[in-house]
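This structure is a prediction, so every number in the text was calculated from the model and none was measured. FYI, side chains are in, hydrogens and waters are out, and symmetry mates aren't considered; it's all heavy atoms of this structure.
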2 protein chains.
Amino acid sequence: MKNRRRDPSTPTPLNLGEFLCFAVYSANHAFNRVYQPLLRDLGLTYPQFIALVLLWAQDNQTVGELGQKLFLQSNTLTPMLKRLETLGYVRRTRDSADERQVRISLTEDGQKLQLLASDIVRRVRHATGLQNNQVEQLLDEISALRKALESHIAR
Amino acid sequence: MKNRRRDPSTPTPLNLGEFLCFAVYSANHAFNRVYQPLLRDLGLTYPQFIALVLLWAQDNQTVGELGQKLFLQSNTLTPMLKRLETLGYVRRTRDSADERQVRISLTEDGQKLQLLASDIVRRVRHATGLQNNQVEQLLDEISALRKALESHIAR
DNA sequence: AGCGATTTAATCGCACACGATATACATGTC
DNA sequence: GACATGTATATCGTGTGCGATTAAATCGCT
């Protein structure tokens with residue numbers, strides 16, 4: 001039960017190791033670096049891979065739909081999707097019913113990538129060193145954290 | 001105990017909500033967005049703030065020392081520290097004993113910022129909606145995750 | 001039908017982040 | 001002391017991210 005006396009003229013020293021935000025920040029970087037060598041052969045970056053995961057689950061989504069799920073806006077997505085188009089993994093076509101919307105659909109090559117994706121995901125999960133139930137628990141906790149932060153942002 | 005039959009020609013569908021990496025990725029973004037309005041008045045970005053946290057704990061560190069703690073290299077840090085210098089919060093001076101090293105020291109203005117920092121950190125902690133012991137537990141879990149990922153990268 | 005408000009993407013400028021490389025300095029070996 | 005080796009920082013190019021703005025299409029209201 002220590003109650004150390006401190007010089008009141010200097011603020012409480014902040015220890016970066018105690019920052020939850022920094023733990024999250026550096027864990028995110030670590031994930032990035034684990035994915036990188038696995039994705040290099042496919043010419044993909046980690047965010048691009050995440051976008052493809054969404055498209056494998058549901059093809060032909062609009063830019064806005066993808067952005068809602070990824071928490072990204074068109075200013076980030078549009079250039080990224082254009083790169084995926086250049087790579088030959090997706091097509092970008094205006095929706096004929098609503099010309100404001102751009103629909104992203106997988107090419108045949110883009111669909112084929114999914115065959116490799118499961119293996120990549122498996123490897124990354126292995127790299128976490130966690131059991132399935134631990135992954136689930138941590139995932140729930142971090143998701144709850146994100147939601148709490150977002151509800152705070154909304155105010 | 002469902003054991004759905006699947007078409008063996010199509011891969012297992014991947015659900016982004018089950019990706020621990022994505023939970024971490026989006027939680028990191030959420031932190032960023034919570035910090036942003038709090039730091040705007042100081043002209044600081046979130047990574048810049050984190051760098052200052054390190055300098056408040058120990059002034060006059062080298063670029064390399066900061067990079068080791070932030071998991072960043074000079075190609076990221078140098079421009080960022082130059083911006084902090086332009087803002088008038090730090091000075092960049094070559095170490096006279098070893099001219100290869102650049103030492104980063106806080107200006108008077110940079111030191112003063114610490115008075116506001118504790119309040120910002122307190123607000124962000126409040127935004128997480130977590131109790132102190134919950135923060136500690138989650139921090140330990142995420143740090144362990146980062147370490148596991150990094151030890152995997154090292155191989 | 002007409003027209004302002006809303007929605008959807010795209011564009012621009014800036015700030016990370018990193019791989020690859022360059023440059024200057026320091027160290028060790030002969 | 002010279003030269004190879006190693007180290008610390010800086011530079012360059014590319015790819016996210018985001019705030020602010022723009023442009024085009026649609027909606028809603030009268």
So what does R94(B) touch, heavy atoms closer than 4.0 Å: a base, only the sugar-phosphate, or nothing?
-> sugar-phosphate
Of all residues at least two apart in sequence or in a different chain, which pass the salt bridge (Lys or Arg N to Asp or Glu O under 4.0 Å) check with E18(A)?
-> none
Once you round to the nearest 0.5 Å, how far does CG of L106(B) lie from CG of L113(B)?
-> 8.5 Å
Which residues, if any, of residues 26-38 of chain B bring a heavy atom under 4.0 Å of DNA chain D?
-> H29(B), Q36(B)
Walking along DNA chain D from 5' to 3', note the first and the last nucleotide with an atom under 4.0 Å from a heavy atom of chain A, and give both.
-> dG15(D) to dT26(D)
Among residues two or more places apart or on two chains, list those pairs meeting salt bridge (charged side-chain N to carboxylate O under 4.0 Å, His left out) that have a residue in residues 75-90 of chain A.
-> E85(A)-R92(A)
Would you indicate what R92(B) reaches in the nucleic acid, counting non-hydrogen atoms under 4.0 angstrom: base, sugar-phosphate, or nothing?
-> sugar-phosphate
For E65(A), salt bridge (Lys or Arg N to Asp or Glu O under 4.0 Å) partners two or more places apart = none
Which residues in residues 50-88 of chain B have at least one heavy atom lying under 4.0 Å from any atom of DNA chain D?
-> T62(B), V63(B), G64(B), S74(B), N75(B), T78(B), K82(B)
Salt bridge (charged side-chain N to carboxylate O under 4.0 Å, His left out): which pairs involve residues 24-43 of chain A, sequence neighbours left out?
-> none
Pairs under 3.5 Å (N/O, protein and nucleotides 3-7 of chain C):
from: dT7(C); atom 1: O2; to: R100(A); atom 2: NH1; distance (Å): 3.2

Residues 113-125 of chain B vs salt bridge (charged side-chain N to carboxylate O under 4.0 Å, His left out), sequence neighbours excluded, gives D119(B)-R122(B), D119(B)-R123(B)
Axis-to-axis angle for the helix from dA1(C)-dT30(D) to dC30(C)-dG1(D), ends of five pairs each, to 10°, equals 10°
How would you list, by chain and number, every residue that makes a side-chain hydrogen bond (donor to acceptor under 3.5 Å, both in side chains) with R100(A), sequence neighbours excluded?
-> D98(A)
Ring centres of Y46(B) and F49(B) under 6.0 Å apart?
-> no
More than 12 heavy atoms from other groups under 6.0 Å of CD on E99(B) = yes
With sequence neighbours excluded, give me every salt bridge (charged side-chain N to carboxylate O under 4.0 Å, His left out) pair touching residues 139-154 of chain B.
-> R146(B)-E150(B)
